[in-house]
Amino acid sequence: MRGLLNPRAMSKEATRIVEVLRGAQPVGAEVVIEGWVRTRRDSKAGLSFVNVHDGSCFDAIQVVAASDLAEYEEVVLALGAGCAVRVRGSVVPSQGKGQSVELKALAIELVGDVESPETYPMQPKRHSMEYLREVGHLRPRTNVIGAVTRVRHTLSQAVHRFFHERGFYWIHTPIITASDAEGAGQMFRVSTLDLANLPRTKDGAVDFDQDFFGKESFLTVSGQLNVETYCCALSKVYTFGPTFRAENSNTRRHLAEFWMIEPEIAFADLADDVALAEDFLKSIFRALLDERDDDLRFFASFVDKECITRLEKLVESDFERMSYTEAVERLQKSGKKFEFEPRWGADLQSEHERYLTEEVVGRPIAVLDYPKDIKAFYMRQNDDGKTVAAMDVLAPGIGEIIGGSQREERLDRLDARIDEMGLPKDHYDWYRDLRRYGTVPHAGFGLGFERAILYATGMENIRDVIPFPRAPRQIDF
RNA sequence: UCCGGAGUAGCUCAGUGGUAGAGCGAUCGGCUGUUAACCGAUUGGUCGUAGGUUCGAGUCCUACCUCCGGAGCCA
């Protein structure tokens, strides 16, 4: 504990608050903590209570500063919400309720003052999520965004750990792409052309030959087609990266920039794919239950009281499997009045999905073999001539959480679909090559990472589970 | 993009044609081993913007902007 006796040398020895609160530092130990003040309360008994958080865990630590500290008048009594401080103190059992240990201050240093407390946007009170979005640079200091951030991190780590432990390789698929016909929504254009003075070809079209890549280029809407190439070489692969959609979607479950997880497995069929999805969801949510109990208890108390039991139930229950055809029949026979009547050949509506998973089976369900006409060109055609080997995993409380399929590995069948759907075959030459050279049955799925976080936390708006939300007319911070 | 709702003090909201309010915050004081403390005082607003109706508009009308919810699209 070299240097601790000199307040000016405190920073190199700082201890994370979580270690103090969890007892990693024994009672009597002298530690330095660094963080931001949440609240200060003064007692006429000659001491002040300063709550300090550093993001290392949900809780703040209570610093007890006695009035005989040299800097009491000048520093301690000037502390307020948001001040950055460094505190040297000894770990002591708390005399009050609400915490088992606290820090008896030996020295307090004001590292960064709050210039004008009356304009500091983070008041010591509950704020609306809408307001917090307007102060996106300061909202990480709140309980709720801090908790979301730690949950997000833990789930990210669990994703990578899950795949790594099972022999999957993480493939960094490209962010910029020239594939303009993946059929997954509007794309953002990437260009270095001068918008005010676009080069033209002889027939008046924009001359993309003069653009940076010499072709029309976009931000990716999915890494799937790219990751399939690595799947057909390294067998088990996945992507986990940003994805972009230029749809004008103004809802609480859409972002223009979000993170997607897409595993792809070779020598595998749809049943293998569903089994992987089930293992995957159970694994990452079990990790969350194990590692972020403090934050989950916060969500259960203040955001969604069902969130922990929902996770526990998902982790423990076996997923139901049901064909799309049977699902439609069950919906039609349910007698329940839906806004949209369930009909074979139409996609399942949100209300249908929730009814199936919440009321018909009461646990997660994988719906299999959808009509080919409502699914993408690359999905494997079933022998019935009507359906493809697609699957959606539906979960209580949210509906669709995963969508995937076995891929069409037969070149003639793939080409037939490309032609039927009027897609430009030349764009898919490299994708078709995978079917010409050592083709293999393979399958995969996609999971919107932010939607998984919504599910785990009970947060309502997807803009609050990503650090910097990008959505139509929203790109601040 | 379509449908619905909402923009009033730093924040959350009340105010339904006649002199702009409360709680919280902030500031000051009191009290207390305190827990987003408690008690008192002070501070605080071109009522989203632009037009219009009216003797008079926060309130009624029109347009626009922004946000929220639902739908569509999807992850």
Side-chain angles (χ1 to χ4, degrees), chain A residues 37-51 53 59-67 77-78 80-82 92-99 102 104 114 116-135 142-144 182-186 220-224 239 242-262 302 339-340 347-351 353 374-376 392-393 398-404 445-455 460-466 471-474 476:
Chain A
V37 172
R38 277 270 170 72
T39 59
R40 189 194 91 230
R41 295 173 296 277
D42 304 321
S43 167
K44 272 294 175 292
L47 65 167
S48 293
F49 301 94
V50 184
N51 277 75
H53 75 101
D59 289 312
I61 193 168
Q62 174 157 284
V63 171
V64 183
S67 58
L77 289 185
V92 297
S94 180
Q95 296 176 33
K97 292 172 186 164
Q99 59 281 317
E102 59 195 23
K104 181 170 165 45
V114 169
S116 51
E118 64 274 15
T119 64
Y120 183 56
M122 297 292 106
Q123 300 171 358
K125 56 184 278 192
R126 190 166 189 165
H127 284 116
S128 67
M129 297 310 300
E130 291 82 5
Y131 173 69
L132 291 179
R133 259 170 248 150
E134 294 172 12
V135 285
T142 61
N143 279 331
V144 62
E182 290 169 14
Q186 289 289 108
T220 183
V221 293
S222 165
Q224 181 201 314
T239 72
T243 309
F244 307 87
R245 303 279 169 91
E247 296 286 339
N248 190 10
S249 298
N250 294 285
T251 81
R252 62 189 178 88
R253 43 174 84 203
H254 289 86
L255 289 167
E257 175 183 284
F258 62 98
W259 287 61
M260 192 149 65
I261 297 156
E262 296 170 293
F302 292 99
E339 190 183 342
F340 293 92
D347 214 349
L348 298 178
Q349 300 286 319
S350 300
E351 56 176 340
E353 294 178 341
I374 58 172
K375 289 294 181 182
D392 283 352
V393 176
I398 193 171
E400 181 182 340
I401 189 168
I402 277 179
F445 64 79
L447 168 76
F449 187 49
E450 285 76 18
R451 290 192 177 173
I453 300 172
L454 289 181
Y455 179 78
E460 289 188 341
N461 195 309
I462 200 165
R463 299 174 191 203
D464 302 321
V465 299
I466 190 166
R473 309 204 61 80
Q474 181 166 32
D476 289 335

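Below, read A as the first sequence line, B as the second, and so on, with proteins coming before strands; counting in each chain starts at 1.
- Using a 4.5 Å cut-off on side-chain heavy atoms (C-beta onward), A:V135 and A:M122 make contact.
- We find that CG of A:D464 is positioned 14 Å from P of B:C67, with the value rounded to whole Å.
- Contact of the A:E262 side chain with the A:F445 side chain is not registered, since no non-hydrogen atoms from C-beta on lie closer than 4.5 Å.
- On a pure distance criterion of 3.5 Å, no polar donor-acceptor pair joins the side chain of A:E247 and the base of B:G72.
- We find that CD1 of A:I374 is positioned 14 Å from C1' of B:C73, with the value rounded to whole Å.
- Taking the C1' atom of each, B:U35 and B:C73 are spaced 48 Å apart, rounded to whole Å.
- Using a 4.0 Å heavy-atom distance criterion, A:E130 is classed as a sugar-phosphate-only contact.
- Rounded to whole angstrom, the span from the CD1 atom of A:I462 across to the C1' atom of B:C68 amounts to 16 Å.
- Distance noted for atom C1' between B:U49 and B:A6: 16 Å (whole Å).
- As rounded to the nearest Å, B:U46 and B:C3 have C1' atoms that lie 33 Å from one another.
- Within 4.0 Å (heavy atoms only), A:I402 reaches no atom of the nucleic acid at all.
- A heavy-atom distance below 4.5 Å is found between the side chains of A:V92 and A:E102.
- Rounded to the nearest 0.5 Å, atoms CG (A:N248) and CD (A:Q186) are 10.0 Å apart.
- For the C1' atoms, the distance from B:G45 to B:G10 is 11 Å, rounded to whole Å.
- Using a 4.5 Å heavy-atom cutoff, the side chains of A:N51 and A:I61 are not in contact.
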Check: For every nucleotide of nucleotides 1-10 of chain B, 5' to 3': is a protein heavy atom under 4.0 Å from its base (B), only from its sugar-phosphate (S), or from neither (-)?
Finding: B--------B

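- The backbone N or O of A:V221 sits less than 3.5 Å from a side-chain atom of A:R245, completing a donor-acceptor pair.
- Atom pair A:R41:CZ and B:A36:C1' shows a separation of 9 Å (rounding to whole Å applied).
- Among the heavy atoms of the strands lying under 4.0 Å from A:G96 is at least one base atom, whether or not backbone atoms are also near.
- Between the side chain of A:S128 and the backbone N or O of A:Y131 there is at least one donor-acceptor pair closer than 3.5 Å.
- Rounded to a whole Å, the CD1 atom of A:I401 is 15 Å from the C1' atom of B:C74.
- A:S222 places a side-chain heavy atom less than 4.5 Å from the side chain of A:M260.
- Comparing B:G33, B:C31, B:C74 against the side chain of A:K44 picks out B:C31 as the nearest.
- Residue A:Q99 is classed as a base contact, given a heavy-atom separation below 4.0 Å to a base.
- Across B:C74, B:G25, B:U27, the shortest atom-to-atom separation from the side chain of A:P124 is found for B:G25.
- Rounded to a whole angstrom, the distance from the P atom of B:G51 to that of B:U59 is 14 Å.
- The pair A:R40-A:D42 meets the salt-bridge criterion, since a charged nitrogen lies less than 4.0 angstrom from a carboxylate oxygen.
- The CD-P distance, from A:E351 to B:A71, rounds to 9 Å in whole Å.
- Atom P of nucleotide B:U34 and atom CG of A:L77 are separated by 18 Å, given to the nearest angstrom.
- When both distances must be under 3.5 Å, the Watson-Crick or G-U wobble mate of B:G7 is B:C65.
- Atom P of B:U27 sits at a distance of 28 Å from the matching atom of B:A14, rounded to the whole Å.
- Nearest heavy-atom pair across A:T142 and A:R38 is C-NH2, 3.7 Å.
- Side-chain contact between A:I261 and A:W259: absent, with no pair of heavy atoms (C-beta onward) separated by less than 4.5 Å.
- Put simply, A:R473 has a side-chain N or O that comes within less than 4.0 Å of OP1 or OP2 on B:U66.
- Separation of the C1' atoms belonging to B:U16 and B:U8 is 14 Å when rounded to the nearest angstrom.
- Residue A:S43 places its side chain closer to B:G33 than to any other of B:G33, B:A36, B:C74.
- Among B:G70, B:C68, B:A36, the nucleotide with an atom closest to any side-chain atom of A:T39 is B:A36.
- Residues A:R463 and A:L255 meet the side-chain proximity criterion, which asks for heavy atoms closer than 4.5 Å.
- Between B:G48 and B:C11, the two P atoms lie 13 Å apart (nearest whole Å).
- The base-pairing partner of B:A41, taking Watson-Crick or G-U wobble contacts with both distances under 3.5 Å, is B:U27.
- For B:U1, the paired base is B:A71 (Watson-Crick or G-U wobble, both distances below 3.5 Å).
- Side-chain contact check for A:L132 versus A:V144: some heavy-atom pair is nearer than 4.5 Å.
- Within 4.0 Å of A:S94, counting heavy atoms only, lies at least one base atom of the nucleic acid.
- Among the nucleotides B:U32, B:U35, B:C11, the one closest to the side chain of A:H127 is B:C11.
- Contact between the side-chain N/O atoms of A:R463 and the OP1/OP2 oxygens of B:C68 is found at a separation under 4.0 Å.
- One N or O donor and one acceptor, one from the side chain of A:H254 and one from the base of B:C74, sit under 3.5 Å apart.
- Among the nucleotides B:G72, B:G25, B:U35, the one closest to the side chain of A:Q349 is B:G72.
- B:G58 is unpaired under the criterion used here, namely a Watson-Crick or G-U wobble arrangement in which both key atom distances are under 3.5 Å.
- In this structure, B:A22 forms a base pair with B:U12, meeting either the Watson-Crick or the G-U wobble geometry with both donor-acceptor distances under 3.5 Å.
- Rounded to a whole Å, the CD atom of A:E134 is 18 Å from the P atom of B:C65.
- Look at A:R252 and you'll find a side-chain N or O under 4.0 angstrom from OP1 or OP2 of B:G70.
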List, with names and distances, any nitrogen or oxygen atoms from the protein found under 3.5 Å away from nitrogen or oxygen atoms belonging to nucleotides 43-45 of chain B.
none

